[in-house]
Amino acid sequence: MIYKMGATMGAFIPVAAAAIASDKGATTATSVPLIWHFAGYPFEAGSMIAAICACLAVRFYVAQTDRQQHRWTVDAPVTVLALLFTAGAVIRLRPDPALALVYGTGLGALGVGIITIALNFVRSKLPGAQE
């Protein structure tokens with residue numbers, strides 16, 4: 001048994017030594033996130049994909065649970081708005097993919113609330129917009 005192990009190691013050592021000798025500048029490979037650009041703004045592709053998928057999934061869930069006739073005329077613009085806010089949050093904040101899932105889920109669930117928040121923000125900033 002020991003002789004078989006020795007023979008196996010004897011055959012392996014020259015192969016390993018040749019591999020090490022041929023790779024003179026060996027470095028450790030590191031992975032880096034894929035960076036995409038939109039309108040000059042860099043962001044991580046994985047985070048954007050995670051956030052957009054989460055937002056779409058939540059908007060689809062909301063559309064399925066609240067079935068009404070002609071609901072798509074309201075839900076389609078709200079979904080597009082939620083997707084745009086999600087993409088903007090990922091570009092601005094550059095979160096890791098797990099946090100991007102939370103942003104996408106939260107903004108998708110907020111839905112029509114985004115319009116209310118934006119309207120209140122605009123009214124607070126513009127004089128005479130209270131009417």
Verify the cluster assignment for L83 and L81: are they in a single hydrophobic cluster under the rule of side-chain heavy atoms below 4.5 Å apart? no

When you group the ILVMFWY residues by side-chain heavy-atom contacts below 4.5 Å and let the links chain together, are V78 and F85 in the same group? yes

Criterion side-chain contact (heavy atoms from CB on, under 4.5 Å) against T116, the qualifying member of I114, N120, L119: N120

Hits for side chain to side chain contact (heavy atoms under 4.5 Å, CB included) against I91, two or more places apart or cross-chain, chain-then-number order -> F38, Y41, F43, M48

4.5 Å side-chain heavy-atom contact, L34 and W36: yes

According to a 4.5 Å side-chain heavy-atom criterion applied to Ile, Leu, Val, Met, Phe, Trp and Tyr, with indirect links allowed, do L101 and V90 form part of one hydrophobic cluster? no

Is there a chain of hydrophobic side chains (I, L, V, M, F, W, Y, each step under 4.5 Å between heavy atoms) that links V112 to I117? yes

Qualifying side-chain hydrogen bond (donor to acceptor under 3.5 Å, both in side chains) pairs with a residue from residues 94-109, counting only residues at least two apart or across chains: E44-R94

Heavy-atom closest contact (R59 atom, G111 atom, distance): NH1-CA, 3.6 Å

Any link between L93 and L99 through a network of hydrophobic side chains (Ile, Leu, Val, Met, Phe, Trp, Tyr) touching at under 4.5 Å? yes

Please check if the side chain of S47 supplies one atom and the backbone of P95 the other of a donor-acceptor pair under 3.5 Å. yes

Hey, does V62 have a side-chain heavy atom less than 4.5 Å from the side chain of T79? no

